[in-house]
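See structure below.
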Protein chains: 2
Amino acid sequence: MKDPSGRLTSLTDVARRAGVSVATASRVLSASTYPVAEKTRRRVLKAADALDFAPNLIARGLVAQRTYLVGMLVSDLVDEHAAALARGVEEAAAENGFAVLVMSTDGDPEKEIDAVRRLRSMRVDAVIFSYSTVADRDQQDRLTAQLRHVEAAGGALVRLAPHPRVGPDASISTRQGFALAVEHLVGLGHRRIALLQGPANAGLSQVGVYAMRRVLEGHRLSLADRFIIPTDGTLAGGRSAAPALLKGRAPATAVVAMSDTLAIGVLKGLADAGARVPRDISVVGFDDVPAAAYTTPGLTTVHVPLRELGSAGMQVAIWLLGGGARRGRNNLPVELVVRESTDKAPKARPGPRG
Amino acid sequence: MKDPSGRLTSLTDVARRAGVSVATASRVLSASTYPVAEKTRRRVLKAADALDFAPNLIARGLVAQRTYLVGMLVSDLVDEHAAALARGVEEAAAENGFAVLVMSTDGDPEKEIDAVRRLRSMRVDAVIFSYSTVADRDQQDRLTAQLRHVEAAGGALVRLAPHPRVGPDASISTRQGFALAVEHLVGLGHRRIALLQGPANAGLSQVGVYAMRRVLEGHRLSLADRFIIPTDGTLAGGRSAAPALLKGRAPATAVVAMSDTLAIGVLKGLADAGARVPRDISVVGFDDVPAAAYTTPGLTTVHVPLRELGSAGMQVAIWLLGGGARRGRNNLPVELVVRESTDKAPKARPGPRG
DNA sequence: ATGAAAGCGCTAACAT
DNA sequence: ATGTTAGCGCTTTCAT
């Protein structure tokens, strides 16, 4: 509501209507623990209610040096992985009176730096990262500089994936996820297992290759270079990676993708090429996004509690803002969901067209 | 950076370092058009740069009564439809110095009302809606009350879909989308066309049924009640709607879903039931989300420029904030994308299992 | 238990 | 062209 002068109802209006000072009104309407007589409190509440007063969080933020705003950086909101994480953050944020500013970086370090700068200007209480983009030295330094500023302002930084020289605050074990996938595949008789890798500039990609290699070694298997297929991490990238899987004298009999997005793409690419899944080649995804249960065949994948991960990240932020100490990595459990995209390894060398 | 007293660098620090008053510093660092000598300007810029000064947008917002914050309300960020819209909004927002607060309502009117209230407290410059939830009279009134408050504060309201008693500011023609779908289907010989409806409490659902009915009438066809299949709008909802499509003596030979999410779900449900698409039944989606090209068979669908729609919404908000008048509905074009989920209508009555 | 007053960091009159 | 000053709406000492 506007009063005649064009201003919105403010605490002053509430105070006047209740016949108390702004200080008193503030004490009852803010989270203050300061004592106020029950009778007075009720009068203020009644006035606020009558006016449908909504405190100006901008003004409150200015004095309290706390905005109840958090920034969430994702590479692309349209990717279900990012969306689920963001949703989790948003959920926990809403429950605790925070609002979330979502920014997409498109995997571009410059956009990421700029986003953090804007968040800093906004004086967000925390910034939550999923994967960060691996950048050159100079960009890295500039990003770090921005991050130091948000920390200097008392802001919390939380990472949901490994970052350059910094471990995640809440995450999952990629290694364990791959272990589950590989164990399943090896049990099915697969020995030539390929890896669909995400974009080279995404932090996860390198970590993933390393983890996969170790897991395969645990089964006395190795990860041949030709079985590491680089992609840009998109559906299209997964799709166009299919031919590489099928070529050669001894092609892969199974592939594990670093994300469901990639897996869904490769499923389509494999179908394009006339290869049958899982008869000719088995496919395992990673994340278990909702769509994974709706592909044909249904995608066997490593379930990652993305939404919970997002919520956990927001909880860590709150903990940190409350003066809590960083507690190191908090891993949420992953599990394998077996659907129809995996089966026994083909006996002989399968021709891609059966 | 913190100075020894624990404060962040402020305009005062920049001014001091440049040897000018805060007013002058403000004039060069804000978007002010006020004249400042070139020499002075450079000094200020240099000082700001040396300090890596980032203006406190919270303070600026308090005095300017403009926060450069916009709220975006979606039902569920994880749904690709919502995500694409949000991404578009975010894109246009970033280009214009705005930041986006995303809030999911889960189709719950109470959450929606609460979200608007929080956005109002945040003093957002605009709130952008996708579909709103149809609520009972009381909830509707309360939502409207909150919205009036944001308007009273000079905030812009923009709708990307029809709302109760209010047309959208930027949208697409659902009717035209259905017309494209039906024309395609009729051309293929289909006469018994079903409609997969979204959740009853989503504004679109009713509009959609009406539009579909009119379109079918244009082809001298009618929309039998048994061919209007209500769902909750999710993948699972689409999946479980499949049996209803297959039952009866004269089952539908084609179905058009009100969203790709539903279409992808029904594709899976149809496969579960042993029906072959498009041989037994044709499926047409709506939206053309990225995943639509990756189903098996590829989904024929009505392409909706969701991201552009989101950007358009943000542009409208900016226009409105600049004092522009509401211009009425701005429809973006839709087009049919034919992939593999549609084909000629089966001649005789097809048994669901071939 | 309540009120008066200072001030968060900035912009916008209003001087000069 | 530059500086001084008065707030924006709120919280928080510091009185009382």
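Heavy-atom basis, side chains included; hydrogens, waters and symmetry copies ignored. A quick note: this is a predicted structure, and the numbers were derived from the prediction, not measured.
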Give the intermediate values and the outcome of salt bridge (Lys or Arg N to Asp or Glu O under 4.0 Å) for residues Lys111(A) and Asp114(A).
CA-CA 5 Å; Lys111(A) 280 198 190 176; Asp114(A) 183 59; over 6 Å; no
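- Taking atom CZ on Arg42(A) and atom C1' on dA1(C), their separation rounds to 15 Å, with Å as the unit.
- When the side-chain hydrogen bond (donor to acceptor under 3.5 Å, both in side chains) test is applied to Arg117(A), the partners found at least two apart in sequence or on another chain are Asp52(B).
- Listed pair Ser21(B) / dT4(D) fails the phosphate criterion, with no side-chain N or O lying under 4.0 Å from OP1 or OP2.
- Counting only distance, with no hydrogens or angles, the side chain of Thr40(B) and the backbone of Val36(B) share no donor-acceptor pair below 3.5 Å.
- Nearest-nucleotide assignment on DNA chain C puts the 5′-proximal partner with Pro35(A), out of Ala23(A) and Pro35(A).
- Among the atoms of the strands shown, none is found under 4.0 Å from any heavy atom of Ser32(A).
- In this structure, the side chain of Glu112(A) engages the main chain of Thr133(A) through a donor-acceptor pair within 3.5 Å.
- Here the P atom of nucleotide dA1(D) and the CZ atom of Arg43(B) are 15 Å apart, to the nearest Å.
- Rounded to whole Å, atom P of dT2(D) lies 9 Å from atom CZ of Arg27(B).
- Between the side chain of Arg17(B) and the backbone N or O of Leu51(B), no donor-acceptor pair lies under 3.5 Å.
- One donor-acceptor pair, N or O on each side, does fall under 3.5 Å between the base of dT2(C) and the side chain of Tyr34(A).
- Taking 4.0 angstrom as the limit, Thr40(A) places none of its side-chain polar atoms (N or O) nearer than this to OP1 or OP2 of dA1(C).
- A donor-acceptor pair is defined here as one N or O able to donate and one able to accept, closer than 3.5 Å; such a pair exists between the side chain of His163(B) and the backbone of Ser130(B).
- Annotation: the terminal axes of the helix from dA1(C)-dT16(D) to dT16(C)-dA1(D) meet at 40°, where each axis is the rotation carrying the C1' atoms of four end pairs onto the next four (5 pairs per end, rounded to 10°).
- With ring centers used as reference points, Tyr131(A) lies under 6.0 Å from His81(A).
- For Arg16(B) and dG3(D), the CZ to C1' distance is 16 Å, given to the nearest whole Å.
- Taking atom CG on Leu29(A) and atom P on dT12(D), their separation rounds to 14 Å, with Å as the unit.
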For nucleotides 8-10 of chain C, print each protein N/O atom paired with a nucleotide N/O atom at under 3.5 Å, atom names and distance only.
| unit_1 | atom_1 | unit_2 | atom_2 | d |
| --- | --- | --- | --- | --- |
| dC8(C) | O2 | Val63(A) | N | 3.4 |
| dG9(C) | OP2 | Arg7(B) | NE | 3.3 |
| dG9(C) | N2 | Ala59(B) | O | 3.4 |
| dC10(C) | OP1 | Asn56(B) | N | 3.2 |
| dC10(C) | OP2 | Leu11(B) | N | 2.3 |

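- Of the candidates Arg326(B), Arg327(B), Arg329(B), Asp169(B) forms a salt bridge (charged side-chain N to carboxylate O under 4.0 Å, His left out) with just one, namely Arg326(B).
- Heavy-atom contacts from other residues, nucleotides or ligands closer than 6.0 Å to OH of Tyr68(A) number 12 or fewer.
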